[in-house]
Novice: 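Have a look at this one before I ask anything.
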Amino acid sequence: MSSSDENAALVPADGARKAYDGLDTEASKNFHDTRHTITEEVATGAEMHQTEGGFLKPLIFGGLDGILTSFAIVAGAAGGSMPIPVVLVLGFSNIFADALAMGVGEFLSSKAENEWILSERRRENWEMENYPEGEIREMIDIYESRGMSREDATKVIETMAKYKDFFVDVMMAEELALQVPEEDHKVESMKEGVVMFCSFATFGTLPLLGYVIIPALFPTLGEEVLFTAACVVTGLVLFGMGCVKSMFSASNWLICGLETFLLGGACALVAYTVGQFVDGLIADT
């Protein structure tokens, strides 16, 4: 084993992340200092970031929307005293139709946003080709407004401007606050749509499973037990999703879990209350 390989083996790829999670400044310093002693051929010394967070939004949003939509049907049906077959028909048909709609919507919205960003990049690229002095001056003004001296800002911007594609990407981020998507952005948008669909459908079926499994195993139990089981399952899943979210935000898992549980519970309470209210109105007519 070469000396560079030996050095690389001593530098964990997630060293920077662990140092940040523990707020260990000495560990962070050691990681970066050691990494820069390794030759460029060794890729294992590269700083690791949590790239999985890119699908966190459709995963959490789809899961929350799915389970709350499903539980809203269950809660509304319980408040309105609807029979179990009606709950199952409304629940499963609505969940999978909504999951498909959410998945397609996520794909189309993500794709449209990326295409708009790329169109803005083409405009910035055209402006850079036709009037680079104006673009350079704008960037110098931006950097100066953020605290750099005019001299330093000019030096930095003029150096970056030598590399056109890189400079255009910097302009997109600094001037327009837009992150340029990758070349395969359509594939990424499709993945986000699939994650949204799967998350919505999977979590959305959980409150309904009790209405299928429990009557088959315990046919003598009443509907109140089924609704209680749905409440327990929904509460546990909401709390669990909050805990998972904390893994990507470096927040306390208990606080994130309780936050998601309370917000989701409030939505479920509204559905149950509306169901009771509407059922009362129908009974009075």
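Atom set for the values below is all heavy atoms of this structure, side chains included, hydrogens, waters and symmetry mates excluded.
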Novice: With side chains defined as the heavy atoms from C-beta onward, is the minimum distance between Ile67 and Phe200 less than 4.5 Å?
Specialist: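 They are not in side-chain contact.
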Novice: State, with a plain yes or no, whether a side-chain heavy atom of Met171 is found less than 4.5 Å away from one of Glu138.
Specialist: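 A side-chain contact is absent here, since even the closest heavy-atom pair is not under 4.5 Å.
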Novice: Just so I know, are the side chains of Ser70 and Thr205 near enough to count as touching, which here means a heavy-atom distance under 4.5 Å?
Specialist: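 Ser70 does not reach Thr205 side chain to side chain.
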Novice: Compare all side-chain heavy atoms of Cys231 with those of Phe71 and state whether any distance is below 4.5 angstrom.
Specialist: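 Side-chain contact under 4.5 Å: yes.
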Novice: Which residues satisfy the side chain to side chain donor-acceptor pair (under 3.5 Å) test with Glu120, sequence neighbours excluded?
Specialist: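 Only Arg123 meet the side chain to side chain donor-acceptor pair (under 3.5 Å) criterion with Glu120.
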Novice: Indicate the atoms forming the closest heavy-atom contact of Glu192 with Ser110, along with that distance.
Specialist: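 Minimum heavy-atom separation between Glu192 and Ser110: OE1-OG, 3.1 Å.
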Novice: What distance do Lys186 atom NZ and Asn114 atom CG have between them, rounded to the nearest 0.5 Å?
Specialist: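 Lys186 NZ to Asn114 CG: 10.5 Å, rounded to 0.5 Å.
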Novice: Report the residues that fulfil salt bridge (charged side-chain N to carboxylate O under 4.0 Å, His left out) with Arg150, sequence neighbours left out, ordered by chain and then residue number.
Specialist: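 Arg150 satisfies salt bridge (charged side-chain N to carboxylate O under 4.0 Å, His left out) with Asp141, Glu144 once adjacent residues are dropped.
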Novice: Run Val270 and Thr273 through side-chain contact (heavy atoms from CB on, under 4.5 Å) and show every step you take.
Specialist: CA-CA 5 Å; Val270 170; Thr273 304; 5.8 Å; no
Novice: Quick check: does any side chain N or O of Asn125 sit under 3.5 Å from a backbone N or O of Arg121, one acting as donor and the other as acceptor?
Specialist: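 Not a single qualifying donor-acceptor pair exists.
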Novice: Less than 3.5 Å apart, which donor and acceptor atoms pair up between the side chains of residues 257-269 and the rest of the protein, not counting sequence neighbours?
Specialist:
from	atom 1	to	atom 2	distance (Å)
Glu259	OE1	Lys245	NZ	3.4
Thr260	OG1	Cys256	O	3.0

Novice: I need the Ile213 CD1 to Leu226 CG distance, nearest 0.5 Å.
Specialist: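 It is 11.0 Å, given to the nearest 0.5 Å.
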Novice: Find out whether Ile136 and Glu133 are in side-chain contact, i.e. whether some heavy atom of one side chain is under 4.5 Å from a heavy atom of the other.
Specialist: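 With C-beta onward as the side chain, the pair stays apart.
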Novice: Quick check: is Val225 connected to Val232 through a chain of hydrophobic side chains (ILVMFWY, heavy atoms under 4.5 Å apart)?
Specialist: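 No, it is not one cluster - the side chains of Val232 and Val225 are not joined through contacts under 4.5 Å.
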Novice: Considering non-hydrogen atoms only, spot the tightest contact between Met241 and Ile60 and give its length.
Specialist: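 Minimum heavy-atom separation between Met241 and Ile60: CE-O, 3.6 Å.
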Novice: Is any side-chain heavy atom of Leu88 closer than 4.5 Å to one of Val212?
Specialist: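 When only atoms from C-beta onward are counted, Leu88 and Val212 do touch, with a gap below 4.5 Å.
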Novice: Can you name the residues that form a side chain to side chain donor-acceptor pair (under 3.5 Å) with Ser119, not counting sequence neighbours?
Specialist: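 Checked Ser119 against side chain to side chain donor-acceptor pair (under 3.5 Å); zero matches.
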Novice: When rounded to the nearest 0.5 angstrom, what distance separates OH in Tyr131 from CD in Glu127?
Specialist: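 Rounded to the nearest 0.5 Å, the OH-CD separation comes to 11.5 Å.
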Novice: Would you say that Met190 contacts Lys111 through its side chain, given a criterion of any heavy-atom pair below 4.5 Å between the two side chains?
Specialist: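 No, too far: nothing below the 4.5 Å cut-off.
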Novice: For residues Gln179 and Asp169, determine if any side-chain heavy atom of one lies less than 4.5 Å from a side-chain heavy atom of the other.
Specialist: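 Contact flag for Gln179/Asp169 side chains = no.
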Novice: With no hydrogens and no angle check, is any side-chain donor or acceptor of Asp184 less than 3.5 Å from a backbone partner on Val187?
Specialist: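 No: the side chain of Asp184 does not pair with the backbone of Val187.
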Novice: Run the numbers on Met139 and Phe167 for side-chain contact (heavy atoms from CB on, under 4.5 Å), then give the verdict.
Specialist: CA-CA 10 Å; Met139 289 294 293; Phe167 186 61; 3.7 Å; yes
Novice: Ignoring hydrogens and angles, write down the donor-acceptor pairs under 3.5 Å from the side chains of residues 94-107, residues two or more places apart or on other chains.
Specialist:
from	atom 1	to	atom 2	distance (Å)
Asn94	ND2	Asp98	OD2	3.2

Novice: Hey, what do you get for CD1 (Ile157) to CD (Glu135), rounding to the nearest 0.5 Å?
Specialist: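 Here the rounded value is 11.0 Å.
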Novice: Go through the structure and list residues passing salt bridge (charged side-chain N to carboxylate O under 4.0 Å, His left out) with Lys164, not counting sequence neighbours.
Specialist: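 Partners of Lys164 by the salt bridge (charged side-chain N to carboxylate O under 4.0 Å, His left out) criterion, ordered by chain and then number, come out as Glu129.
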Novice: Atom OG1 in Thr69, atom CG in Leu64: separation rounded to 0.5 Å?
Specialist: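 If we round to the nearest 0.5 Å, Thr69:OG1 and Leu64:CG are 10.0 Å apart.
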Novice: Nearest 0.5 Å, please: how far is NE2 in His185 from CG in Leu118?
Specialist: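 Leu118 atom CG to His185 atom NE2 measures 5.0 Å (nearest 0.5 Å).
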Novice: Do you know which two heavy atoms are closest between Val87 and Ile73, and how far apart they sit?
Specialist: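 Between these two residues, the closest heavy atoms are O-CG2, 4.4 Å.
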Novice: When the ring planes of Phe239 and Trp253 are compared, do they come out parallel, tilted or perpendicular, using 30° and 60° as the limits?
Specialist: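 Plane angle over 60°, so perpendicular.
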Novice: Do you know the tightest heavy-atom contact between Ala153 and Ile140?
Specialist: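 Looks like CB-O, 3.9 Å.
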Novice: Going only through I, L, V, M, F, W and Y residues with side-chain contacts under 4.5 Å, is there a path from Leu209 to Val237?
Specialist: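 In one cluster with Leu209: Val237, yes.
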